[in-house]
Each structure stands twice: as structure tokens, then as C-alpha cells.
Amino acid sequence: MSARAFNSLFFFTFIFLIVSQSISSFHPLDPLTPSEIKTIQHTIKSSHLGSTQNLTFQYVGLDEPDKRTLLSWLSNHTKTPLPRRAFIIARLENQTQEIIVDIKDNFIVSDRIYNGYGYTTATLAELEAACSLPFTYPSFIESVTKRGLDMTQVVCEAYLVGWFGEERKGKRMAKISCNYRGGTDNFFMRPLEGVTVTVDLDAMSIMGYYDRIRVPMPKAEGTDYRASKQKPPFAKRTNGITVVQPDGPSFTIDGHMIRASSNSGDSSEPLLILERDGEAVAVAALIDSTPSSIRTSISVFPLRRVLE
């Protein structure tokens with residue numbers, strides 16, 4: 001699998017509230033590092049799971065310690081590092097595997113086949129491969145030709161069909177929607193109406209094709225959004241604005257920790273840890289208005305469990 005596809009994996013949103021302590025640059029909720037991701041990849045590919053060529057990684061992320069363990073670590077001033085584990089969702093032999101890997105000791109803690117509701121997300125490599133299928137499909141080529149369009153100007157995008165509570169059918173499907181460039185970069189304004197393509201992502205083949213109706217293609221004129229393509233009259237330019245802090249920022253960044261001024265006026269109070277897997281605030285401490293009073297809790301909302 002390509003590095004681009006491997007690095008695109010993502011599947012959870014996390015929000016935590018915890019006790020605010022003096023914390024070193026290392027934290028158990030720090031996202032996986034590039035070297036850790038390489039270790040995980042090597043560990044799985046070197047195991048029995050890596051014996052086939054069709055292993056793909058749909059998601060790789062931190063397997064967070066439970067609430068009690070994390071609170072115990074926060075109250076321990078020696079700050080002995082907690083075990084680092086990763087949670088992986090992979091596809092193997094048309095089945096979804098949930099895997100937990102011990103990163104430090106390089107071994108698989110557990111792996112199981114997931115047979116619950118819903119489907120795994122797709123990798124960029126899968127979506128790119130799905131988008132290329134219509135261009136060699138005879139019925140699609142015929143549909144484009146009958147509309148008098150240039151095949152080199154056709155652009156296709158893949159969208160996951162999703163799961164809406166129906167009985168599980170075992171197939172991971174994507175819908176291919178195609179548009180026509182032909183004189184504009186805003187090709188979404190020129191859809192290839194009436195043509196529907198569905199793809200089996202595991203077999204990577206077209207499983208359904210429909211050409212229901214032909215309608216005139218919208219004109220390209222006036223659809224291009226690029227500034228170089230705009231024509232007068234133009235609206236008056238707005239005045240510029242600058243926001244500065246003359247005395248410097250009121251926060252400091254230590255690894256994935258942001259330390260900001262709290263209600264008690266103590267700037268050393270860590271209020272937020274952010275960049276959890278690059279997208280979500282992972283840790284926050286709430287300071288009551290009463291001096292030295294800290295109201296804290298931990299709430300975990302893994303999206304995977306919600307979907308199950």
C-alpha cells in the first residue's frame with residue numbers, strides 16, 4: 001500500500017476532560033509518531049496477517065488507556081510512561097480485522113474479525129482505483145460518446161454508499177459521480193446527468209451501471225470561480241486588519257500541550273492538549289471561578305463504538 005494511502009487513515013473523534021497537572025512533553029494521549037506507525041506496519045506484515053498480498057490498512061490510531069489508568073498516571077509524579085498500544089482496522093481476504101499492537105514490544109496483542117454493522121472507510125488508493133474504472137468500461141465510453149463529449153475532459157469522483165440500517169450484504173460499495181470540465185475548472189457545475197456507476201471496492205470492479213436519461217450539458221461560460229477568470233464590475237476591496245499581542249502570546253506550546261492562562265491567573269495551568277490524531281482537542285481541564293478549585297472528568301466518545 002502506498003505511503004499516501006497509509007497516512008490517510010482515520011476513523012475516530014475523541015474529546016476528554018481531565019485533571020490539570022504539571023505534565024511533561026510526553027503524554028499517553030500523544031498521537032502516534034511516524035516511526036511508531038512504521039513499527040506497527042512492520043509488526044503486522046511480519047505476522048500471520050501479512051502472509052497475503054491484499055492486506056490494507058483502513059485506520060491506524062492510538063489505543064488509549066482507560067480512564068482509571070490515565071488518572072493514576074496523572075497523579076503519579078514520577079510519570080512512568082504507560083504502555084503504548086495502537087488500534088488498527090485492516091482489510092484482509094474481504095474481511096474486516098480489528099487489531100491491537102503493542103508498539104514497544106512489537107507484538108500483536110489481539111486480532112478479531114469484525115462482523116458488526118456498517119463498513120470500514122476506504123483508503124485513497126481504493127478511491128483512486130475506483131474512479132479509474134469507468135474510463136475503460138465500454139458502456140460508459142458509449143454514454144460519453146453519444147453525448148458528444150470529449151472523454152479526456154471527464155472527471156470522476158468516488159463517494160461511499162454508506163450504511164443506513166439495512167441488512168448487511170457484505171459488499172463495500174462506492175458510487176462514482178462524473179462531471180465534465182470542458183472549458184472550466186468548476187466541473188461540478190457540469191454533471192454527467194443520468195449516468196450512475198456503482199463499484200465493488202473489494203473486487204474493484206463495476207457492479208452496476210445505469211444510463212437513464214440524457215439532458216443538455218450546462219454551458220461552461222460564467223462558471224469558473226478562479227480570480228483570473230472574473231470580469232468587472234468588481235466589488236470594492238475591504239480594508240485590511242491586523243491582530244497582534246504586543247506583549248507576546250498568552251500561551252505556550254509544549255509538544256501537543258497548550259498551556260494558557262486559567263481563571264486563577266496561573267499561566268502554568270495546562271488547559272488544553274490538542275492535535276489528537278491531527279484533528280480534535282484531546283484533553284481539557286475546567287477551572288472553577290473559586291481559586292485553586294479544579295472541576296475535572298474524563299469523557300470518551302470513540303466514533304467506532306457509537307456506530308456499532
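Keep in mind that the numbers below use all heavy atoms, side chains included, and drop hydrogens, waters and symmetry copies. Heads up: numbering here begins at 1 and tracks the sequence.
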Under 4.5 Å between side-chain heavy atoms, chaining through other members, with only Ile, Leu, Val, Met, Phe, Trp and Tyr counted: pull out the rest of the cluster around Tyr225, sorted by chain and number.
-> none
Listed pairs under 3.5 Å, donor-acceptor, residues 140-156 side chains, sequence neighbours left out:
residue, atom, partner, partner atom, Å
Glu142, OE2, Lys146, NZ, 2.9
Ser143, OG, Ser139, O, 3.1
Ser143, OG, Tyr209, OH, 2.7
Ser143, OG, Asp211, OD2, 2.6
Thr145, OG1, Ile141, O, 2.8
Arg147, NH1, Ser143, O, 3.1
Arg147, NH1, Asp211, OD2, 3.1
Arg147, NH2, Glu193, O, 3.2
Arg147, NH2, Asp211, OD1, 2.9
Arg147, NH2, Ile213, O, 3.0
Asp150, OD1, Thr152, N, 3.1
Asp150, OD1, Thr152, OG1, 2.9
Asp150, OD2, Thr152, OG1, 2.9
Gln153, OE1, Gly182, N, 3.2

Option among Arg84, Arg85, Lys104 that satisfies the salt bridge (Lys or Arg N to Asp or Glu O under 4.0 Å) test with Glu36 = Arg84
Let me check something: any side-chain donor-acceptor pairs from residues 233-245 under 3.5 Å, sequence neighbours excluded? List them with distances.
none

Quick one: list whatever passes salt bridge (Lys or Arg N to Asp or Glu O under 4.0 Å) with Arg181, sequence neighbours left out.
-> Asp185
Counting distance only, does the side-chain N/O of Arg190 pair as donor-acceptor with the main-chain N or O of Pro218 below 3.5 Å?
-> yes
Please indicate whether Tyr210 has more than 12 foreign heavy atoms, meaning atoms of other residues, nucleotides or ligands, lying under 6.0 Å from its OH.
-> no
Flag the pair Leu32 / Ile103 as yes when at least one side-chain heavy-atom distance between them is below 4.5 Å, and no otherwise.
-> yes
Okay, side chain of Glu157, backbone of Ser177: is any donor-acceptor separation there less than 3.5 Å?
-> no
Can you name the residues that form a side-chain contact (heavy atoms from CB on, under 4.5 Å) with Thr198, not counting sequence neighbours?
-> Met207
Met217 versus Leu192: any side-chain heavy-atom pair under 4.5 Å?
-> yes
Thr196 versus Lys175: any side-chain heavy-atom pair under 4.5 Å?
-> yes
Exactly one candidate in Thr120, Thr56, Thr96 meets side-chain hydrogen bond (donor to acceptor under 3.5 Å, both in side chains) with Arg91; the answer is Thr96
What residues form a side-chain contact (heavy atoms from CB on, under 4.5 Å) with Ala129, not counting sequence neighbours?
-> Met204
Please answer: with hydrophobic residues joined when any side-chain heavy atoms are less than 4.5 Å apart, are Leu133 and Tyr180 in the same cluster?
-> yes
Distance-only, no hydrogens or angles: does the Ser75 side chain make a donor-acceptor pair with backbone N or O of Ser72 under 3.5 Å?
-> yes
Scan residues 215-224 for pairs that pass salt bridge (Lys or Arg N to Asp or Glu O under 4.0 Å), counting only residues two or more places apart or in two chains.
-> Asp224-Arg226
So which pairs with a foot in residues 99-141 pass disulfide bond (SG atoms under 2.5 Å apart), sequence neighbours left out?
-> none
Taking C-beta and beyond as the side chain, do Pro65 and Trp73 meet within less than 4.5 Å on heavy atoms?
-> no
Under a single-linkage definition using a 4.5 Å side-chain heavy-atom cutoff for Ile, Leu, Val, Met, Phe, Trp and Tyr, are Ile108 and Ile37 assigned to the same hydrophobic cluster?
-> yes
Calculate, to the nearest 0.5 Å, the distance between atoms CG and OG1 belonging to Leu62 and Thr33 respectively.
-> 10.5 Å
Among Ile44, Thr123, Ile89, which one satisfies side-chain contact (heavy atoms from CB on, under 4.5 Å) with Phe57?
-> Ile44
List for me each residue that meets side-chain contact (heavy atoms from CB on, under 4.5 Å) alongside Leu92, sequence neighbours excluded, and say none if there are none.
-> Leu49, Thr52, Asn54, Leu55, Gln97
How would you list, by chain and number, every residue that makes a side-chain hydrogen bond (donor to acceptor under 3.5 Å, both in side chains) with Thr223, sequence neighbours excluded?
-> Thr184
Qualifying residues under side-chain contact (heavy atoms from CB on, under 4.5 Å), relative to Ala174, sequence neighbours excluded = Leu160, Leu201
What residues, two or more places apart in sequence or in another chain, satisfy salt bridge (Lys or Arg N to Asp or Glu O under 4.0 Å) together with Asp111?
-> none
Calculate, to the nearest 0.5 Å, the distance between atoms CG and CG belonging to Asp202 and Asn94 respectively.
-> 4.5 Å
Any Asp102 side-chain heavy atom under 4.5 Å of Thr43 side chain = no
